[in-house]
Amino acid sequence: MGQSRVVQEQEATRPLREDIRFLGGILGDTIRDHEGPEVFDLIERVRIEAFRVRREEVERSAVADMLDGTPTEVALPLIRAFSYFVLLANLAEDIQRDRRRAAHVAAGEPPQDSSLAATYAKLDAAALDGTGVAEQLTDALVSPVITAHPTETRRRTVFDVQAKITALMRLRRRLEPGDPGFDDIEPRIRREVLTLWRTALIRLARLRIQDEISVGLRYYDLTLYDVIPAINAEVRAALRSRWPDVDLLDRPILRPGSWIGGDRDGNPYVTAEVVHTAAEQAAAYAFGRYLGELVELEKSLSQSARLVRVSPAVAALADAGYDDPAVFADEPYRRALHAVRARLSATAARSLDRLPDNGLATDAEPYPTPQAVLDDLDAIDASLRASGDALLADDRLAALRHAVETFGFHLQGLDMRQNSEVHEQVVAELLAWSGVHQDYASLSEAERVDLLATELRTRRPLLGPNARLSELAAKELGVLRAAKGVIDTFGAAAVPNYIISMCTSVSDMLEAALLLKEAGILDPGSADASPRSPVGIVPLFETIEDLGAGAATLAAALEVPVYRELVAAAGMRQEVMLGYSDSNKDGGYLAANWALYRAELDLVEVARKAGIRLRLFHGRGGTVGRGGGRSYDAILAQPAGAVRGSLRLTEQGEVIAAKYSESGAAHRNLESLIAGTLESTLLDVEGLGDDAEPAYELLDDLATRARAAYAHLVHDTPGFVEYFRQSTPVAEVGDLNIGSRPASRKPTNSVSDLRAIPWVMAWSQARVMLPGWYGTGTALEDWVGDDPARLARLTDLYQRWPFLRTVLSNLAQVMAKSDLDIAARYADLVDDKTLRDKIFGMIRDEHARTVRMYKAVTGHEELLSDNPSLAESIHNRFPYLEPLNQLQVDLLRRLRGGDDSELVKRGILLTMNGLATALRNSG
C-alpha cells in the first residue's frame, strides 16, 4: 500500500494502541502492587521478549528458555497476567470495531454488507414482485438457538467486570480532560481491574445444567429481550413499506430457541425435572418482564377522561380494573392497564404455580393465549392513536406489544434432542413389554417401518399404569411427558422440535414419532382426522455418509402415509438439521463442507418434488472446524433454494457471549442473520448459472481427494490417536469445568466417540487447528497439478461463488491462528520419536501445502489479505499467547512426568482458559 495509506491506517489504529497501552499499564500496576516487583519484572521481561519474537528480532526459543523450569507457584501469576492482558486487548479491539463502524456511518459511506440497510438497497435495486416476495417469505423464520455446549471459558464474574470496563473505556473516549466525571474514570477502571486480578479465572466445580439454564437466560436480560422485538418491528415495517399490497410477515421473523435443558444426547443430567425447570424459568422471565412493563405503563399513561376520549374497548377494560372505582376514577388507561396486569398475573400464577415479581394477587380470569393479551394491548394502542397520542403509543407500549408477540408465554422454543440408538432401545423395550413384538432389533428396516407405521395409527398406548421399565426407558418417557406438560401449560411454541441425532433411516424418524405418541404429544388421529403433532420431527444428519443419504431418507419417510400426513398437518413444513461438527471430525474440513452443500442441494430437490417447504437447521459451532465463521457469509454460501425465508442455526459457547452480551453487537449480529436470509431467499446469490453442475462436479472431485488425505492421517495412520492424546491437552479438557456434559459420548479412546468440542479445542490449544484445514492443500494441489488452466478455473470460481470464497476465507482465518513452531513443542510431548516425527511431519507438510495452494487460488499474498481486522487482532494479541503456550507445554510435561500436584493441574487449566480467550474460540 502507498505511504499515505499506511499513514491513514496507523492513524485509524492509534486509539486502539492507546487503549491497549492504557489498560496494560493499569494491569501492570495492579500486578506490581499485589504480587511484588519481582513477579512484575519477570512478567515484563517475558512480555518484551514475546513481542521481540513477533518482530522476528529473536528466535522462538528465547521465551521458552526464559520460562523453562519456572517454579509452578511463579508460573501461576505469569499465566494469569498474560490471560488478562489478552482479555483486555480483546476488549480494546471490540471498542475499536465499534469506533470504525461509527466513523463509517458518520462519513456517509454506503451501508456495509450484512447490515439490513445494505440488504434493503439490494432488494430495491432488484425491483422484486410483491406477490413473489410474499410467497417466498411464507412462514418466514430466523431462529438463533442457544445450545447446551457452553464452551465459554470465562466465569460470569469475569464477564460482568469486562462489561463494566468496556463501558468505562467508551465513556473515557467520549469525555475530554476537565469534563465533569473524567477524573473519576481511571480510578473506577483500576477498581475493576483489581477485581479481575483478585477473581479466580477457573471454576472449582463443573457447571450444572441449572447453571447453564440461568446463564442462557441472562442474555435476555443483557440484550435479547429488548433487541429481538425491536428488530422484528423494524423488519416488518421496512418490508411492508416496500410491498404494501401484500401481507408480509404475519408473525415475527426473528424467534429465538434453546437446547439448554432439552438436549439429552450424551448428557445424562437432562431429566424430566430439568425440562420442566428450563421451560418454567424461561416463562417466568417473560411474565416478569411483561408485568414490570405494565407497572411502568400504569405510571406513564395518566391521561384524564376529562381531557381525552377512549375507545369502547378501552372503557370496558378500564371498568374491569381496580376493585375500588375511586382509584384513578378519571384515568381510564391506568385502569385498563391494571386490568391487563391482573389477568396476566392470573395467567402467570396458573402457569408457574407462583406469582412473579410485579404480579397481582387476583381472582381475574387468566388469558388463554398470548394473542388475547395482544388483543387488549392493541385496543389500548388503537385508542391512543385515535385520540392523537401516537407518540405515547410508539414508546413503551409498542415495545411491550412487540415483546409479547415475539416471546409469547414461553420466551424461547425449547428443542428436545436424543440419539437414535437410545430411541431404538426404548422402542424395543416398549414393544416387548406390550407384547407387540419381542425382538424389534431383529427386524429389517422395512419390517420396522411397517410395524411403527401401524402403531402410529392406533390410539392404544403401549404401556399400562403398572408397566415396569428399565431406568433408561423410564427416564426417556419421563422427559417426554414433562415436555407434554410444558406444551399444555405454555403452548405448542414452547417445545417446537424433536431432533434425532445420528439419524440414518426412516425407522429412526418413526421411532421418535412413536415415543411422542406414547407421551401423549402426537395424536394418531381417527377415521375422520389425520394424525398431528405440535412437535416437529427433525432428522439430524451428521456424518459424511448420513449427509449423502439424507435426501433419500427424507424422501422415503415422505412415502410413508402416516408420516406424510403428519407433515401435511404441520403445513407441509419439514425441518432437517445438518451437523457440522461430526461431519468435520469424520471427513475433514473440505469434505465436510462440500457434503453439507451437496446434502442441501439434494434435500431442496426432494422437497420440490414432494411439494413441501424445507427448513434447514444448521448445527454450527463457534470454530471453523465446527462450522464457525461469519454467519452472514455462511448464509449467502448456501445453495439456491436452501433458505426460502427460513433459517435456524445453533449459537454455541464463546460465540454467544461475543454476539449477545452487548446491545450494539447483538443488534448487528441478529440483523446480519436476517439480512443474509432475505438476500439468499429473494436474490440470486450463488451466481453460477449454467456453470453450476460443472462446478459441483469439480468440488465432488476435490472433496474426495481431501477426505482421502484426511482419512490417511486421522483414521488410517497407526498410532494417530496416541499422538493426538500425547501432543495435545485433550485429556485435560474434561477437567476445565466449562459444561455439564462429558467430553466423550462413550468411555473409549476412539476419535469417533470423542465429542467435537474437545477434539477441536485440543488442536486449538496446541496451535495446530487441524480440523479447520487438513486435507485441503493436498486436494487442491493434486487436482491442479501443473496445469495453469485448472488453477485459473479455481480462481474464477473463488471470485464468483460465495461457497468456495467462504470456505477458503474461513480456512485462511483458522490457519492464521495456527503456529507450527509452537505445535512442534507440543509434538515433543509424544514419547515415541518415530511416531512423533512421522505424524508431525505429515501435519507440517500439509500445512505448508495448504498455505501455498490458498495463495495460488486466491491470489492473496497473505492469509488474511481479505480480513484486515483479524490481521490487526492477531498482531495485537498473539505475543501474549507465546508464554501461555510455552508454560502449558512445560506444565503438561511435569504432570505426565508424575507431578500431579494441585498447582500443576491448576496451571494447565489456567493456560487453557487464557489461550481460549486469546484465540477467541475454545471448541
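Remember, predicted model here, so these are calculated numbers, not experimental data.
For the residue pair Asn885/Tyr826, the side-chain donor-acceptor check at 3.5 Å is satisfied. In this structure, a donor-acceptor pair under 3.5 Å is present between the side chains of Arg894 and Thr72. Inspection of the Glu846 and Thr778 side chains reveals an N or O donor paired with an N or O acceptor under 3.5 Å. Arg190 and Thr30 share no donor-acceptor pair across their side chains, judged by distance under 3.5 Å alone.
Remark: side-chain polar atoms of Trp759 are not paired, donor with acceptor, to backbone N or O of Val730 under 3.5 angstrom. Remark: side-chain polar atoms of Asp586 are not paired, donor with acceptor, to backbone N or O of Thr543 under 3.5 angstrom. A donor-acceptor contact shorter than 3.5 Å is absent between the side chain of Asp890 and the backbone of Gln886. Without hydrogens or angle criteria, Thr728 side chain to Arg725 main chain gives no donor-acceptor distance under 3.5 Å. Side-chain atoms of Tyr84 do not come within 3.5 Å of backbone N or O of Leu27 as any donor-acceptor pair. At distances below 3.5 Å, not a single donor-acceptor pair connects side-chain atoms of Ser61 with backbone N or O atoms of Ala64. Between the side chain of Thr911 and the backbone N or O of Leu884 there is no donor-acceptor pair closer than 3.5 Å. Looking at Gln765, its side chain never comes within 3.5 Å of a backbone N or O of Leu915 through a donor-acceptor pair. When atom types are taken as modelled, the side chain of Arg767 and the backbone of Lys817 share a donor-acceptor pair closer than 3.5 angstrom.
Expressed to the nearest 0.5 Å, how far CD1 of Ile79 lies from CD of Gln888 amounts to 8.5 Å. Taking CG of Leu42 as the start and CD1 of Ile31 as the end, the distance is 11.0 Å to the nearest 0.5 Å. In this structure, the separation between CG on Leu881 and OG on Ser83 is 9.5 Å, given to the nearest 0.5 Å. Taken to the nearest 0.5 Å, the OG atom of Ser727 stands 6.5 Å off from the CD1 atom of Ile843. In this structure, CG on Leu864 lies 7.0 Å from CD on Gln813, to the nearest 0.5 angstrom. Remark: Leu770 CG to Leu713 CG distance equals 6.0 Å, nearest 0.5 Å.
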**OP:** Go through Thr166 and Glu662 one step at a time and tell me if the side chain to side chain contact (heavy atoms under 4.5 Å, CB included) criterion holds.
**Re:** CA-CA 10 Å; Thr166 299; Glu662 189 270 325; 5.9 Å; no

**OP:** Step by step, work out the ring pair (Phe, Tyr, Trp, His ring centres under 6.0 Å) result for Phe878 and Phe51.
**Re:** CA-CA 9 Å; Phe878 274 31; Phe51 274 83; over 10 Å; no

Subject >> Verdict with reasoning, Val851 to His847, per side chain to side chain contact (heavy atoms under 4.5 Å, CB included) >> reply: CA-CA 6 Å; Val851 171; His847 187 276; 4.0 Å; yes

**OP:** Tell me, with the steps shown, if Asp211 and Arg208 meet salt bridge (charged side-chain N to carboxylate O under 4.0 Å, His left out).
**Re:** CA-CA 5 Å; Asp211 300 322; Arg208 303 169 303 155; 3.1 Å; yes

Original post:
What do the steps show when you test Phe85 against Tyr880 for ring pair (Phe, Tyr, Trp, His ring centres under 6.0 Å), and what is the final call?
Top reply: CA-CA 7 Å; Phe85 276 131; Tyr880 301 124; 5.4 Å; yes

Original post:
Should Met769 and Met815 be marked as a side chain to side chain contact (heavy atoms under 4.5 Å, CB included) after you check the CA-CA gap, both sets of side-chain angles, and the distance that decides it?
Top reply: CA-CA 7 Å; Met769 310 289 183; Met815 293 196 80; over 6 Å; no

**OP:** Kindly indicate, with the supporting measurements, whether the criterion side chain to side chain contact (heavy atoms under 4.5 Å, CB included) is fulfilled by Val889 and Asp828.
**Re:** CA-CA 9 Å; Val889 170; Asp828 285 341; over 6 Å; no

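For the residue pair Ile874 and Pro879, the shortest heavy atom distance occurs at O-CD, 4.2 Å. In plain terms, the two heavy atoms of Ala706 and Ala779 that are nearest each other are N-CB, 3.6 Å. Taking all atoms of both residues into account, the shortest heavy-atom contact from Gly914 to Val86 is O-CG1, 4.5 Å. The nearest pair of heavy atoms linking Ala75 to Leu887 is CB-CD2, 4.1 Å. Closest heavy-atom contact between Tyr589 and Thr776: CD2-OG1, 3.8 Å. When all heavy atoms are compared, the tightest approach of Arg836 to Val830 is NH1-O, 2.8 Å.
Results of the salt bridge (Lys or Arg N to Asp or Glu O under 4.0 Å) test with Glu732 over Lys905, Arg896, Arg906 single out Arg896 as the only residue that passes. A side-chain contact (heavy atoms from CB on, under 4.5 Å) with Asp41 is found for exactly one of Glu44, Glu38, Arg45, namely Arg45.
At a threshold of 4.5 Å between non-hydrogen side-chain atoms, the residues Met502 and Glu421 do not count as touching. With contacts defined as side-chain heavy-atom distances shorter than 4.5 Å, the pair Ile213/Leu217 qualifies. Proximity of Val215 to Glu212: side-chain heavy atoms (C-beta onward) are nowhere separated by under 4.5 Å. Residues Leu87 and Gln162 meet the side-chain proximity criterion, which asks for heavy atoms closer than 4.5 Å. Contact check for Arg60 versus Asp819: side-chain heavy atoms found under the 4.5 Å cut-off. Counting heavy atoms from C-beta outward, Thr147 and Asp263 have side chains that stay 4.5 Å or more apart. Counting heavy atoms from C-beta outward, Leu811 and Val807 have side chains that stay 4.5 Å or more apart. Residues Ile26 and Leu88 have side chains not in contact (no heavy-atom distance under 4.5 Å, counting atoms from C-beta outward).
Within 6.0 Å of NE2 in His715 there are more than 12 heavy atoms belonging to other residues, nucleotides or ligands. Counting heavy atoms of neighbouring residues, nucleotides and ligands inside a 6.0 Å radius, atom CD of Glu57 exceeds 12 of them. At most 12 heavy atoms of other shown residues, nucleotides or ligands fall within 6.0 angstrom of atom CD in Glu273.
Of the charged side-chain nitrogens involved, at least one lies within less than 4.0 Å of a carboxylate oxygen, so that Arg218 and Asp160 count as a salt-bridged pair.
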